[in-house]
Amino acid sequence: NAGVTQTPKFQVLKTGQSMTLQCAQDMNHEYMSWYRQDPGMGLRLIHYSVGAGITDQGEVPNGYNVSRSTTEDFPLRLLSAAPSQTSVYFCASSLRGEQYFGPGTRLTVT
Amino acid sequence: EDQVTQSPEALRLQEGESSSLNCSYTVSGLRGLFWYRQDPGKGPEFLFTLYSAGEEKEKERLKATLTKKESFLHITAPKPEDSATYLCAVRTSGSRLTFGEGTQLTVNP
């Protein structure tokens, strides 16, 4: 199993640009989530999904959209990037509470 | 609102010098406390889940314990490869986790 995969590993955007961070898992987990990690702030939940077709907001959802059309994929969309969205983004999946994380995407918005 | 506080923020040990990391929590209905290890530039790696006060879990030089208000991660005779940031998280409903800010551990040879 590849576990949780994320692409790209690094990305630089200009303010106002849009992009999609990709996340996929091959463990057949129902629950998937997106976090951002910033120095001094810890991991903060952006959006999560409890199964295909079901998504909900986390702690810091503004500026981000998600969809879940399949069990395997959970992309995160930035509609109009802002410098405040410069961060490291982690995707995770879970079956019974223990979440397994991907390697992360380091995003810089200039 | 669920709160998780980890201390200390940073800890520097000599190889072989045992110590403990603390995770204190305020939640309404704990459904699991989780410990993760995170190496620089990588995603968090799952270590342990604890569900009830008095429970203990061990893995190599690490032992996690749980009380009604806090959890400890005991590190016995650490080695330099144990250097990492250790994260604590609590689950109160569904699968959502609330994370602490972590303890950055450095073990010097």
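Computation of the quantities below employed the complete heavy-atom set of this structure, encompassing side-chain atoms and omitting hydrogens, waters and symmetry-equivalent molecules. Throughout, a chain's letter reflects where its sequence line sits, starting with A, and its residues are numbered from 1.
Within 6.0 Å of atom CZ in B/R12, 12 or fewer heavy atoms from other residues, nucleotides or ligands are found, so the atom counts as exposed in its surroundings. More than 12 heavy atoms of other residues, nucleotides or ligands sit less than 6.0 Å from atom CZ of A/R44. Shown here is B/Q104, whose CD atom has no more than 12 heavy atoms of other residues, nucleotides or ligands within 6.0 Å.
In this structure, B/Y36 contributes its side chain and A/F101 its backbone to no donor-acceptor pair below 3.5 Å.
When the candidates B/P44, B/A89, B/G32 are compared by the number of heavy-atom contacts under 4.5 Å with chain A, B/P44 comes out ahead. Comparing A/S33, A/G40, A/A92 by how many heavy-atom pairs each has under 4.5 Å with chain B, the most go to A/G40.
Following chains of ILVMFWY side-chain contacts shorter than 4.5 Å, one cannot reach B/L62 starting from B/F72, and the two form parts of different hydrophobic clusters. One hydrophobic cluster holds both B/Y86 and B/L50 under the rule that ILVMFWY side chains link at heavy-atom gaps under 4.5 Å. Both A/L21 and A/L13 sit in one connected hydrophobic cluster of ILVMFWY residues. Membership requires side-chain heavy atoms under 4.5 Å apart, directly or through other members. A/M19 and A/I46 fall within the same hydrophobic cluster, defined by Ile, Leu, Val, Met, Phe, Trp and Tyr side-chain heavy atoms under 4.5 Å apart, directly or through other members. If you chain together hydrophobic residues whose side chains sit under 4.5 Å apart, A/Y100 and B/W35 never meet in one group.
To the nearest 0.5 Å, atoms CZ (B/F34) and OG (A/S94) are separated by 7.0 Å. Going from atom CD of A/E98 over to atom CG of B/L47 covers 11.0 Å, rounded to the nearest 0.5 Å.
At a 4.5 Å heavy-atom cutoff, the contact between A/L43 and chain B is made by backbone and side-chain atoms alike. Heavy-atom distances place no part of A/Q6 under 4.5 Å from chain B, backbone and side chain included. Neither the backbone nor the side chain of B/F48 comes within less than 4.5 Å of any heavy atom of chain A.
Nearest heavy atom pair, residue B/R96 against residue A/E59, reads NH2-N, 4.2 Å. A pairwise comparison of heavy atoms in B/Q38 and A/F90 identifies NE2-CZ, 3.4 Å as the closest pair.
Between A/Y35 and B/F99, the distance separating the two ring centers is shorter than 6.0 angstrom.
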